[in-house]
Amino acid sequence: AKPPPSAPPPSPAPPPPAFGFLFDIDGVLVRGSQVLPAAREAFRRLAGAGGRLRVPVVFLTNAGNCLRAAKARELAQALGLQVSPEQVILSHSPLRLFSQFHRRCMLVAGQGPVEENAHNLGFKNVVTIEALRKAYPLLDMVDQSRRPKELPPPTTGFPTIEGVILFGEPVRWETSLQLIIDVLLSNGNPGAELEEIPYPHLPVLACNMDLLWMAEAKMPRFGHGTFLLCLENIYKKVTGRELKYEALIGKPSTVTYRYAEYLIHEQAKKQGWNSPIRRLYAIGDNPMSDIYGANLYNNYLKSAQRNQAQSCKSILVCTGVYRHSAEAPSKPEKHNTETVFHGHRDFSFDPSLVEASYVVQDVNEAVQLAFQKENWS
């Protein structure tokens with residue numbers, strides 16, 4: 001009898017990845033509530049058997065009006081794979097590092113679960129714009145239909161506010177602008193009579209500096225950066241001084257990318273990938289936040305100690321804020337030097353920082369390009 005045919009030798013296991021991805025969400029993976037077809041294709045490439053990712057991935061978004069776990073669930077549903085909250089960085093996620101403010105009474109502005117977000121980040125004592133408005137009904141006077149009909153009794157026992165957290169764009173801008181300015185001018189006691197304007201003012205922590213973002217509309221929409229622009233200009237017009245931030249976080253700030261890299265390393269460790277992560281590929285649609293931030297972080301890596309990645313390459317896609325007609329430009333720097341600077345006041349404009357390492361059509365092409373550079377099948 002013939003001996004049974006021997007089984008083919010097992011194919012060698014692929015080497016552990018030495019690179020990771022930082023994906024922006026709006027304009028890269030989704031437009032509003034619609035998933036981009038290229039995103040589904042990209043994640044089919046990234047996932048191995050059983051739908052598990054073969055490469056460490058962090059979703060790095062300037063959105064902040066939701067909980068991290070909710071954003072992870074939303075992404076999992078959109079992309080058809082498991083996404084854990086540890087793979088998601090919202091604009092405010094690095095605030096958990098600012099423990100010196102966690103015990104102070106902080107005014108929180110934005111929309112969505114702002115109190116819950118603040119508590120999850122470690123803040124013990126928070127006051128919402130709505131609670132402040134209820135305590136001091138005479139402060140909110142723009143909307144005539146909301147003005148008190150009778151003089152309310154004086155407010156007692158309301159805590160002194162010791163700092164401000166700006167999570168994201170609020171709904172009624174006039175209310176938030178007025179009350180935040182009141183808190184800064186009164187040193188945290190907005191019911192008090194204005195005597196001398198304190199300067200420096202109370203600490204302000206701001207998340208998400210995006211002037212614009214891309215949803216389903218044909219043109220970009222106002223982002224939190226537009227709200228910050230209003231706040232800064234009103235403060236300066238009223239006081240003659242600059243509004244100062246204790247921290248500006250979210251893209252393009254280096255602290256956000258440093259936190260993202262930490263999560264990439266943690267993910268690789270958890271998966272048992274022992275190869276050090278040497279290169280990061282940051283994929284985004286907004287030259288002023290995604291590309292600027294990745295390039296700024298790449299410069300930081302070049303000058304930093306060598307216990308970090310060696311490079312952070314920026315890949316610009318054309319499905320969101322950045323659009324081009326016909327072919328992807330071979331010289332993006334020409335386009336960018338003619339561009340109006342949409343970045344935040346406190347970040348200087350350097351044309352080289354908004355010039356992407358690579359420009360591709362969509363996120364699927366971006367993943368293919370990274371695989372090609374890494375010689376990764």
Side-chain angles (χ1 to χ4, degrees), residues 19-28 58-63 89 91 93-94 206-214 220 223-226 228-229 232 245 247-262 264 278-305 308-324 328-361 363 365-366 369-370 373:
F19 64 104
F21 286 102
L22 311 180
F23 287 101
D24 177 43
I25 299 174
D26 290 298
V28 174
V58 161
F59 299 95
L60 187 57
T61 174
N62 268 351
I89 296 186
S91 60
S93 298
C207 318
N208 179 2
M209 297 158 263
D210 285 355
L211 189 76
L212 303 167
W213 68 288
M214 206 69 192
H224 191 216
T226 312
L228 297 180
L229 186 65
E232 291 151 15
Y245 295 97
L248 275 167
I249 61 170
K251 294 175 289 187
S253 83
T254 301
V255 67
T256 293
Y257 285 82
R258 186 76 194 89
Y259 189 54
E261 194 198 334
Y262 164 74
I264 287 273
R278 295 290 185 206
R279 289 164 298 282
L280 300 171
Y281 293 91
I283 302 169
D285 69 308
N286 189 333
M288 299 297 170
S289 62
D290 303 317
I291 302 308
Y292 189 111
N295 291 342
L296 196 63
Y297 192 58
N298 191 51
N299 289 353
Y300 164 77
L301 289 173
K302 283 181 193 166
S303 62
Q305 300 302 309
Q308 288 131 356
Q310 289 168 349
S311 69
C312 180
K313 297 289 180 201
S314 55
I315 307 181
L316 180 62
V317 299
C318 306
T319 49
V321 169
Y322 176 80
R323 313 302 287 268
H324 70 79
S330 54
K331 288 195 185 287
E333 70 277 7
K334 183 177 186 302
H335 166 88
N336 287 327
T337 47
E338 293 162 5
T339 303
V340 178
F341 182 51
H342 287 171
H344 189 269
R345 175 200 76 181
D346 293 0
F347 286 74
S348 59
F349 180 51
D350 175 347
S352 72
L353 289 177
V354 292
E355 182 188 324
S357 313
Y358 309 101
V359 182
V360 296
Q361 186 52 45
V363 66
E365 279 189 29
L369 175 77
K373 299 280 167 201

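For the atom pair CD (Gln361) and CG (Leu316), the distance works out to 10.5 Å, reported to the nearest 0.5 Å. With rounding to the nearest 0.5 angstrom, the CG atom of Asp290 is 12.5 Å from the CZ atom of Phe23. Note that SG of Cys207 and CG of Leu228 are 9.5 Å apart. Values are rounded to the nearest 0.5 Å. Interatomic distance, Leu22 CG to Ile89 CD1, rounded to the nearest 0.5 Å: 7.5 Å. A distance of 12.0 Å separates CD of Glu261 from CG of Leu60, quoted to the nearest 0.5 Å. The OG1 atom of Thr256 lies 7.5 Å from the CG atom of Asn62; values are rounded to the nearest 0.5 Å.
Across Ser311 and Leu301, no two heavy atoms sit closer than the pair C-CD1, 3.7 Å. Minimum heavy-atom separation, Val255 to Pro94: CG2-CB, 4.5 Å. Heavy-atom minimum distance, Met209 versus Pro252: CE-CD, 3.7 Å.
Asn286 is not listed as a side-chain neighbour of Tyr292, based on a closest heavy-atom distance of 4.5 Å or more. The shortest distance between side-chain heavy atoms of Tyr322 and Val359 falls below 4.5 Å. Counting only heavy atoms from C-beta outward, the side chains of Ser352 and Asn295 never approach each other to under 4.5 Å. Using a 4.5 Å heavy-atom threshold, the side chains of Leu280 and Tyr257 count as separate. Put simply, the side chain of Ser289 reaches to within 4.5 Å of the side chain of Asp210, judged on heavy atoms. Using a 4.5 Å cut-off on side-chain heavy atoms (C-beta onward), Ile283 and Val360 make no contact.
The side-chain contact (heavy atoms from CB on, under 4.5 Å) test with Val363 singles out one residue from Thr319, Val28, Asp285, and that residue is Val28.
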Begin from the C-alpha positions of Val354 and Met288 and carry the test side-chain contact (heavy atoms from CB on, under 4.5 Å) through to its verdict. CA-CA 6 Å; Val354 292; Met288 299 297 170; 3.7 Å; yes
Just do the side-chain contact (heavy atoms from CB on, under 4.5 Å) check on Phe347 and Leu248 with the steps written out, would you? CA-CA 10 Å; Phe347 286 74; Leu248 275 167; 4.0 Å; yes
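Checked by atom type and distance alone, the side chain of Ser314 never pairs as donor or acceptor with a backbone atom of Ala282 at under 3.5 Å. At distances below 3.5 Å, at least one donor-acceptor pair connects side-chain atoms of Asn298 with backbone N or O atoms of Cys312.
Not counting sequence neighbours, the partners of Leu211 by the side-chain contact (heavy atoms from CB on, under 4.5 Å) test are Thr226, Leu229, His342. By the salt bridge (charged side-chain N to carboxylate O under 4.0 Å, His left out) test, Asp24 pairs with Lys251, sequence neighbours left out.
Note: Tyr262 and Tyr259 have parallel aromatic rings, judged against thresholds of 30 and 60 degrees for the angle between ring planes. Using bins of under 30°, 30° to 60° and over 60° for the plane-to-plane angle, the ring pair Phe21/Tyr281 lands in the tilted bin.
With hydrogens and angles left out, the side-chain atoms of Glu232 and Tyr245 include a donor and acceptor closer than 3.5 Å.
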